[in-house]
Q: 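Starting off with a structure, shown below.
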Amino acid sequence: MKKLIAILLALALLCLVPACGQEPDEPDGSSETPSGSETFPEPERVALAAGDLFTLVLKEDGAVLAAGSNSAGQTDVSRWADVAAVAAGADFAVGLKKDGTVLAAGNNGSGQLGAADWTGVVALSAGGSGVVGVKADGTALAAGDNSYLQLEVGGWTGLKNVSLGIYHTVGLKADGTAVAAGFNGDGRCDVGGWTDLIEVAAGGYHTVGLKKDGTVVATGAADDGQCDVGDWKNVTAVAAGTMFTLGLQEDGTVLATGKDAPDVSGWTDVTAIAAGGSHAVGLTKDGAILSAGDNNSGQCGLDGKSVK
């Protein structure tokens with residue numbers, strides 16, 4: 001009996017080894033991340049946005065400041081947190097969080113606040129009554145007013161960024177070219193021949209592109225000088241308002257051209273710019289907020305405040 005018990009114990013011990021004697025599985029050393037916990041590329045920081053009559057500024061801690069008209073609740077952003085980028089439409093605001101989700105406030109008359117349901121977004125833009133976003137795979141999302149087919153971006157691929165104006169959308173592709181959709185009055189969508197781009201900006205009636213060599217191209221309505229950018233050099237960022245254009249230069253100064261362009265001639269040490277309906281916003285390297293132009297709704301009310 002003792003011998004039988006010993007044999008049974010030996011067999012039990014052997015079966016503790018996986019598959020009764022087979023080598024145990026090695027720990028999974030693959031680099032695959034479990035579904036639902038993939039590393040998401042943090043969106044590029046966009047610290048400034050100017051709507052028709054209001055301004056959004058992203059603080060260093062991911063909170064958002066706002067000033068100007070709150071006619072539709074577009075400046076109700078005080079509770080926003082962990083934001084990486086802001087964008088402003090006519091009377092609504094959107095914020096892109098670091099995790100790729102979207103916040104929204106303000107007028108939802110055209111369903112533009114439906115962008116708050118998006119996930120996996122790495123860049124977005126707002127204009128008029130619409131929102132366009134770029135996903136990590138380079139495709140586009142859109143919500144809101146599509147009266148001028150400005151949201152017909154569903155077939156776009158290879159996108160890096162996007163800019164939505166009032167009546168048209170321009171997309172920056174990773175290869176430095178551009179695509180456009182929407183109303184093409186005055187040729188504002190004629191960007192097919194542009195190359196070597198690093199930024200695009202869609203205004204009310206015109207489009208601006210920044211090339212990697214620091215020069216600027218423009219197309220669209222030009223009667224008021226908003227496209228007079230042919231001699232600009234050493235530019236690092238551009239912004240397009242309703243009827244004017246801004247260019248940030250390497251030395252931290254800002255250029256402006258177009259109808260009723262805000263006076264930014266005295267700005268220095270600037271690191272970011274934004275253009276609204278008729279006002280401009282800037283951010284200096286020490287975190288100070290600059291504003292210029294129309295202030296009839298208090299949209300320049302953040303002037304002199306800090307993002308720190």
Q: What are the two closest non-hydrogen atoms of Phe244 and Ser278, and how far apart are they?
A: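 In this case the closest contact between Phe244 and Ser278 is CE2-CA, 4.0 Å.
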Q: Take Ser129 and Asp145, measure what side-chain hydrogen bond (donor to acceptor under 3.5 Å, both in side chains) needs, and give me the verdict at the end.
A: CA-CA 5 Å; Ser129 298; Asp145 178 36; 5.2 Å; no
Q: So Val238 and Val216, do their side chains get closer than 4.5 Å, heavy atoms only?
A: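 Yes, close enough: below the 4.5 Å cut-off.
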Q: Establish whether Leu124 and Phe92 are linked, either directly or via other cluster members, by ILVMFWY side-chain heavy-atom contacts under 4.5 Å.
A: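 Both belong to a single hydrophobic cluster.
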Q: Which distance, rounded to the nearest 0.5 Å, do you find between the CG of Leu159 and the CG of Asn161?
A: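 Result: 9.0 Å between the selected atoms.
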Q: Step by step, would you call Trp118 with Val131 a side-chain contact (heavy atoms from CB on, under 4.5 Å)?
A: CA-CA 11 Å; Trp118 295 351; Val131 185; 3.8 Å; yes
Q: Give the C-alpha distance, both sets of side-chain angles, the deciding distance and a yes or no for side-chain hydrogen bond (donor to acceptor under 3.5 Å, both in side chains) between Asn70 and Thr75.
A: CA-CA 5 Å; Asn70 196 34; Thr75 61; 2.8 Å; yes
Q: Do Val162 and Val122 land in one hydrophobic cluster if side-chain heavy atoms of ILVMFWY residues count as linked below 4.5 Å?
A: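 In one cluster: yes.
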Q: Taking the side chain as everything from C-beta on, heavy atoms only, tell me whether Val270 gets closer than 4.5 Å to Leu290.
A: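 When only atoms from C-beta onward are counted, Leu290 and Val270 do touch, with a gap below 4.5 Å.
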Q: Please round to the nearest 0.5 Å and tell me the distance separating atom CG of Asp260 and atom NE2 of His279.
A: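 Answer rounded to 0.5 Å: 14.0 Å.
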Q: Same hydrophobic cluster for Leu210 and Val229, using side-chain heavy-atom links shorter than 4.5 Å among ILVMFWY?
A: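 Yes: a chain of side-chain contacts under 4.5 Å links Leu210 to Val229.
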Q: So do the side chains of Gln249 and Leu255 get within less than 4.5 Å of each other, counting heavy atoms only?
A: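 Result yes, sub-4.5 Å side-chain heavy-atom pair found.
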Q: Picking from Val83, Val307, Val57, what satisfies side chain to side chain contact (heavy atoms under 4.5 Å, CB included) with Val64?
A: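 With Val64 as partner, side chain to side chain contact (heavy atoms under 4.5 Å, CB included) holds for just one option, Val83.
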Q: Is it the case that the side chain of Asn146 and the backbone of Leu151 share a donor-acceptor pair, with hydrogens and angles ignored and the cut-off at 3.5 Å?
A: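 Such a contact is found between Asn146 side chain and Leu151 backbone.
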Q: Might you point out which heavy atoms bring Gly89 and Ala126 nearest each other, and give the distance in Å?
A: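 Closest approach of Gly89 to Ala126, heavy atoms only: N-CB, 3.7 Å.
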Q: For Val217 and Lys211, what are the C-alpha separation, side-chain angles and deciding distance, and is it a side-chain contact (heavy atoms from CB on, under 4.5 Å)?
A: CA-CA 8 Å; Val217 291; Lys211 305 193 74 170; 4.1 Å; yes
Q: Do the side chains of Ile198 and Val208 join up, straight or via other hydrophobic residues, at under 4.5 Å, putting them in one cluster?
A: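 Cluster IDs for Ile198 and Val208 match.
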Q: Under a 3.5 Å distance rule, please check whether Asp91 uses its side chain to pair with a backbone N or O of Asn107 as donor and acceptor.
A: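 Absent.
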Q: Could you tell me the separation between the CZ atom of Phe183 and the OH atom of Tyr167, rounded to the nearest 0.5 Å?
A: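 Result: 9.0 Å between the selected atoms.
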Q: So which atom in Ala116 and which in Ala104 form the shortest heavy-atom distance, rounded to 0.1 Å?
A: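 In terms of heavy atoms, the two residues are closest at CB-CB, 4.3 Å.
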Q: Tell me the closest heavy-atom pair linking Val46 and Leu58, and the distance in Å.
A: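 Nearest heavy atoms, Val46 then Leu58: O-CD2, 3.9 Å.
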Q: Hey, does the side chain of Asp269 reach the backbone of Lys285 with a donor-acceptor pair shorter than 3.5 angstrom?
A: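 Side chain of Asp269 to backbone of Lys285, a donor-acceptor pair under 3.5 Å: no, none is there.
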Q: Between Asn295 and Cys300 (side chain of the first, backbone of the second, donor and acceptor by atom type, cut-off under 3.5 Å), is there such a pair?
A: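 It does hold such a pair.
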Q: Taking 4.0 angstrom as the limit, do Arg188 and Asp186 come out as a salt bridge?
A: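 Judged by the 4.0 Å cut-off on N to carboxylate O distance, Arg188 and Asp186 do form a salt bridge.
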Q: Compare every heavy atom of Gly241 with every heavy atom of Ala275, then report the nearest pair and how far apart it is.
A: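 Scanning both residues, the minimum pair turns out to be CB-N, 3.4 Å.
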Q: May I ask you to test the Thr257-Leu246 pair for a side-chain heavy-atom distance under 4.5 Å?
A: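 Answer no - side chains too far apart.
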Q: Do Gln299 and Ser291 pass the side-chain contact (heavy atoms from CB on, under 4.5 Å) test, and can you show the C-alpha distance, the side-chain angles, and the key distance before you say yes or no?
A: CA-CA 8 Å; Gln299 57 264 55; Ser291 298; over 6 Å; no
Q: For Thr242 and Gly204, indicate whether the former's side chain and the latter's backbone hold a donor-acceptor pair under 3.5 Å.
A: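 The answer is no, because no donor-acceptor pair under 3.5 Å joins these two groups.
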Q: Could you measure the distance from the OG atom of Ser71 to the CG atom of Leu53? Nearest 0.5 Å is fine.
A: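 Result: 7.5 Å between the selected atoms.
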Q: Nearest 0.5 angstrom please: Leu141 CG to Thr139 OG1, how far?
A: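 Interatomic distance, Leu141 CG to Thr139 OG1, rounded to 0.5 Å: 6.0 Å.
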Q: Could you check whether any side-chain heavy atom of Ser297 comes within less than 4.5 Å of a side-chain heavy atom of Phe54, counting everything from C-beta outward?
A: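 No, every pair of side-chain atoms sits at 4.5 Å or beyond.
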Q: Is a side-chain donor or acceptor of Glu199 paired with a backbone partner of Gly209 at a separation under 3.5 angstrom?
A: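 Not a single qualifying donor-acceptor pair exists.
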Q: Ignoring hydrogens and geometry, is there a side-chain-to-backbone donor-acceptor pair from Glu152 to Gly182 under 3.5 Å?
A: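 Not a single qualifying donor-acceptor pair exists.
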Q: Distance from Leu283 atom CG to Thr271 atom OG1, nearest 0.5 Å?
A: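 Between atom CG of Leu283 and atom OG1 of Thr271 there are 4.5 Å.
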Q: Does anything in residues 220-239 form a side chain to side chain donor-acceptor pair (under 3.5 Å)? List the pairs, not counting sequence neighbours.
A: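 As it turns out, there is no side chain to side chain donor-acceptor pair (under 3.5 Å) pair with a partner in residues 220-239 once direct neighbours are skipped.
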Q: Would you say that more than 12 heavy atoms from the other residues, nucleotides or ligands in this model lie under 6.0 Å from the NZ of Lys98, or not?
A: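 Atom NZ in Lys98 is packed in, count exceeds 12.
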Q: Does one hydrophobic cluster hold both Ile166 and Leu164, with members joined at side-chain heavy-atom distances below 4.5 Å?
A: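 In one cluster: no.
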Q: Taking all atoms of both residues into account, what is the closest heavy-atom pair of Gly73 and Ala105, and its distance?
A: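 Gly73 and Ala105 have their closest heavy atoms at O-CB, 3.7 Å.
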Q: Judged by modelled atom types alone, do His168 and Thr207 share a side-chain donor-acceptor pair under 3.5 Å?
A: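 Yes, a side-chain donor-acceptor pair sits under 3.5 Å.
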Q: Could you walk me through whether Trp156 and Thr169 pass the side-chain contact (heavy atoms from CB on, under 4.5 Å) check?
A: CA-CA 11 Å; Trp156 289 3; Thr169 302; 4.0 Å; yes
Q: Kindly indicate whether the side chain of Val94, heavy atoms from C-beta on, has any atom under 4.5 Å from the side chain of Val86.
A: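 Sidechains of Val86 and Val94: no contact.
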Q: So, Lys305 side chain and Ala288 main chain: donor-acceptor pair closer than 3.5 Å or not?
A: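 A pair under 3.5 Å: no.
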Q: What I'd like to find out is whether the side chain of His206 reaches to under 4.5 Å of the side chain of Thr219, using heavy atoms alone.
A: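 The answer is no, as the side chains (C-beta and beyond) never meet within the 4.5 Å cut-off.
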Q: Taking the side chain as everything from C-beta on, heavy atoms only, tell me whether Lys173 gets closer than 4.5 Å to Val179.
A: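 Side-chain contact under 4.5 Å: yes.
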